[in-house]
Amino acid sequence: MAGPGASLLLLLALMPALLLAVRINSKGREVLYLAKGDSVKLGCPYVLEPEDNGPQGVGIEWIQITPERTGPENVFLSYQDHHVNYGSGSGLQDRVAFVQTDPSQYDASIRLADLQVSDTGTYQCRVKKNTVAVHEVIVTVQEKPVTPQCWTEGEVIEGGSVLLRCYSRGGTSPLAYQWAKLADGYGGGRLPSGTIQGRAPGDLFIRSLSEVHAGVYQCRVTNRVGYSVCQLNLSPAARGRQAGIIVGSILGSLLLLSLPALLIWALICRYRRKECQRACSDCRSSTGGTMTRPCNVCAHHSYSPHGISYMQCQHGDGDERGAALICNEGIRHQVTCPAL
C-alpha cells in the first residue's frame, strides 16, 4: 500500500512541471487564405519545458519556405540575446515585426503587413533553447474580386424579357456570382418567380416582366478572400408608355435636326431684307428725293437680260411712279420706273 501511495504523491508534486511541457500553444499546422493588402498575425506562443530552465537564452527564428526558392533557408526574422535581426532578400524586412517587444516572454508571434501575392508560402516558427519547438503556418495570398459592372440587355417593358449581366474584370479564381433582389435596402432577398440562371456565370434571365420584378438587384462576386458587389434598378414600363417614349424621342430628334435649317432660313431672310432696304434707298436717291411715300415692299428681280439687273421700288400708293436703277457693267443709269 505504501508503494502506490508514495507514487501518487510524487505524481501530484510533479504536476506543475508536467503542465509546462507544452512547447508551442498551437493546434498543429495552420492554413490561412488572406487578401492582398491585408495584415495578419502569425501566432507562435510557447512555454519552456523543465529541462529548458537553464542560463542559456531563448533563440527564435522565422523562416519562409516557397516552392520557387532554392538554396539556404530564408530566415527573415530572428531573436537572440535580446537582439532582433532582420534577414535580407525576402522583401519582408519593412513589413514584419514581433508582436511583443520582448519575444523571450513566451510569445514569438509576428505581424505581417501589406500582404502581397508573392508572400504565399509556408512560414515556420522555431523556438530554441536546450530543445527546439517548431510551428508552421501555410499562407496563401489572393486578390479580392474587382468591383463588378452590372447592366441589362433587352427592353425593360411589362411582359417582355430582360437579361441582367454582371462581370468582374479581376480577382483570383474561382469567382462565384450570385444575384439577389434587395428588400428595403438590405441584401439576401429571394429572387421572384420567372428568373433563371443565364449561360454565363454572372447572367440572370427574367421573362414575363411585371411589377413583381421591379426593384433593386444586387450582384455579389465572391472568392476565398473577399467579395465585391454592384447594383442596378429594374423598373418595367407599360407597353403604351414605352411607345409614347419612343414617339417622343423620334419627334424630339426631328426637332433637333430641323433647328439648324430654321436658323439658316432666318439668316437668309434677314440678309434679303437688308438688301431690299438698301435698294429702296438707292431708288429714293435716284429720284432726287422726290418720292413722297416710303417704300413698303422691295424686290430684287433675278431676271437680267444682257447683263442688266433690275431693282424695283414699290410704294404704298399704286398710282405713284418710282424710280429704278439699271446697272450695266457696273455703270448706274437713272430711269423712270414703270407704273406700279
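All values below were derived from every heavy atom in this structure, side-chain atoms included, with hydrogens, water molecules and symmetry-related copies excluded.
The residue from Val40, Thr120, Leu42 that alone fulfils the side chain to side chain contact (heavy atoms under 4.5 Å, CB included) condition with Val139 is Leu42. For the pairing with Gln64, the side chain to side chain donor-acceptor pair (under 3.5 Å) check across Asn74, Asp119, Thr122 returns one residue only, Asn74. Put simply, the residue from Val96, Leu92, Ile138 that forms a side chain to side chain contact (heavy atoms under 4.5 Å, CB included) with Tyr123 is Leu92.
Remark: the backbone N or O of Pro45 is not paired with any side-chain donor or acceptor of His135 at under 3.5 angstrom. Put simply, the side chain of Ser109 gets close to the backbone of Cys44: a donor and an acceptor are under 3.5 Å apart. Side-chain atoms of Gln197 come within 3.5 Å of backbone N or O of Pro201 as a donor-acceptor pair. Formation of a donor-acceptor pair under 3.5 Å by the Thr195 side chain with backbone atoms of Ile206 is not found in this model. Remark: side-chain polar atoms of Asp81 are not paired, donor with acceptor, to backbone N or O of His83 under 3.5 angstrom.
Atoms OH and CD1, on Tyr79 and Ile60 in that order, are 7.0 Å from each other to the nearest 0.5 Å. Rounded to the nearest 0.5 Å, atoms CD (Glu211) and CG (Leu209) are 11.5 Å apart. Between Trp179 atom CH2 and Leu164 atom CG the span is 4.5 Å, to the nearest 0.5 Å. Interatomic distance, CD of Gln218 versus CD of Gln231, reported as 5.0 Å (0.5 Å rounding). Atoms CG and CG, from Leu34 and Leu112 in turn, are 9.0 Å apart once rounded to the nearest 0.5 Å. Atom CD1 of Ile63 is separated from atom CD of Glu136 by 9.5 Å, given to the nearest 0.5 angstrom.
Between Asp114 and Lys36 there is no salt bridge, since none of the side-chain N atoms of the basic residue sits less than 4.0 Å from a carboxylate O of the acidic one. Salt bridge status for Glu73 with Arg126: present, with a side-chain N to carboxylate O gap under 4.0 Å.
With a 4.5 Å cut-off on side-chain heavy atoms, Ser228 and Pro148 count as touching. Residues Pro236 and Ile157 form no side-chain contact, since every pair of their non-hydrogen atoms from C-beta on lies 4.5 Å or further apart. Residues Leu32 and Thr140 form no side-chain contact, since every pair of their non-hydrogen atoms from C-beta on lies 4.5 Å or further apart. Considering only heavy atoms from C-beta on, Val58 comes within 4.5 Å of Val127 through its side chain. Within the 4.5 Å cutoff, the side chain of Lys129 has heavy atoms near those of the Leu48 side chain.
Note on Tyr86: it does not cluster hydrophobically with Val99, by side-chain heavy-atom contacts below 4.5 Å among ILVMFWY residues. Leu204 and Leu234 fall within a single hydrophobic cluster, where Ile, Leu, Val, Met, Phe, Trp and Tyr side chains are chained together by heavy-atom contacts under 4.5 Å. Clustering ILVMFWY residues whenever any of their side-chain heavy atoms sit less than 4.5 angstrom apart, transitively, puts Val137 in a cluster other than the one holding Val117. With hydrophobic clusters built from ILVMFWY side chains whose heavy atoms lie under 4.5 angstrom apart, Leu175 does not share a cluster with Val141. Each of Val31 and Trp62 belongs to its own hydrophobic cluster when Ile, Leu, Val, Met, Phe, Trp and Tyr are linked at side-chain heavy-atom distances under 4.5 angstrom.
Taking every heavy atom of both residues into account, Asp203 and Cys166 meet most closely at OD1-N, 4.5 Å. Pro145 and Asn223 make their closest contact through CD-OD1, 3.4 Å (heavy atoms, listed as atom of the first residue, atom of the second, distance). Minimum interatomic distance between Lys144 and Ala35 (heavy atoms only, all atoms of both residues): CE-CB, 3.4 Å. Closest non-hydrogen pair, His213 versus Pro192, comes out as CD2-CG, 3.6 Å.
For Glu158, the CD atom sits in a packed shell: over 12 heavy atoms of surrounding residues, nucleotides or ligands are nearer than 6.0 Å. Heavy atoms from other residues, nucleotides or ligands lying under 6.0 Å from CZ of Phe205 number more than 12.
A disulfide is not assigned to Cys150 and Cys219, since their SG atoms are no nearer than 2.5 Å.
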Point to revise | side chain to side chain contact (heavy atoms under 4.5 Å, CB included) between Leu77 and Gln93, intermediate numbers included | key: CA-CA 8 Å; Leu77 185 64; Gln93 295 87 347; over 6 Å; no

Review point. Yes or no on side chain to side chain contact (heavy atoms under 4.5 Å, CB included) for Glu61 and Lys128, after CA distance, side-chain angles and deciding distance?
Key: CA-CA 8 Å; Glu61 291 180 346; Lys128 302 178 181 179; 3.4 Å; yes

Check your understanding: Can you check side chain to side chain contact (heavy atoms under 4.5 Å, CB included) on Phe98 and Asp107, steps first, answer last?
Key -> CA-CA 9 Å; Phe98 283 107; Asp107 190 359; over 6 Å; no

Point to revise | Worked verdict on Arg224 versus Gln142 for side chain to side chain contact (heavy atoms under 4.5 Å, CB included) | key: CA-CA 8 Å; Arg224 290 191 178 207; Gln142 299 181 343; 3.7 Å; yes

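The ring of Tyr177 has its center no closer than 6.0 angstrom to the ring center of Tyr167.
A side-chain donor from one of Glu153 and Trp151 sits under 3.5 Å from a side-chain acceptor of the other.
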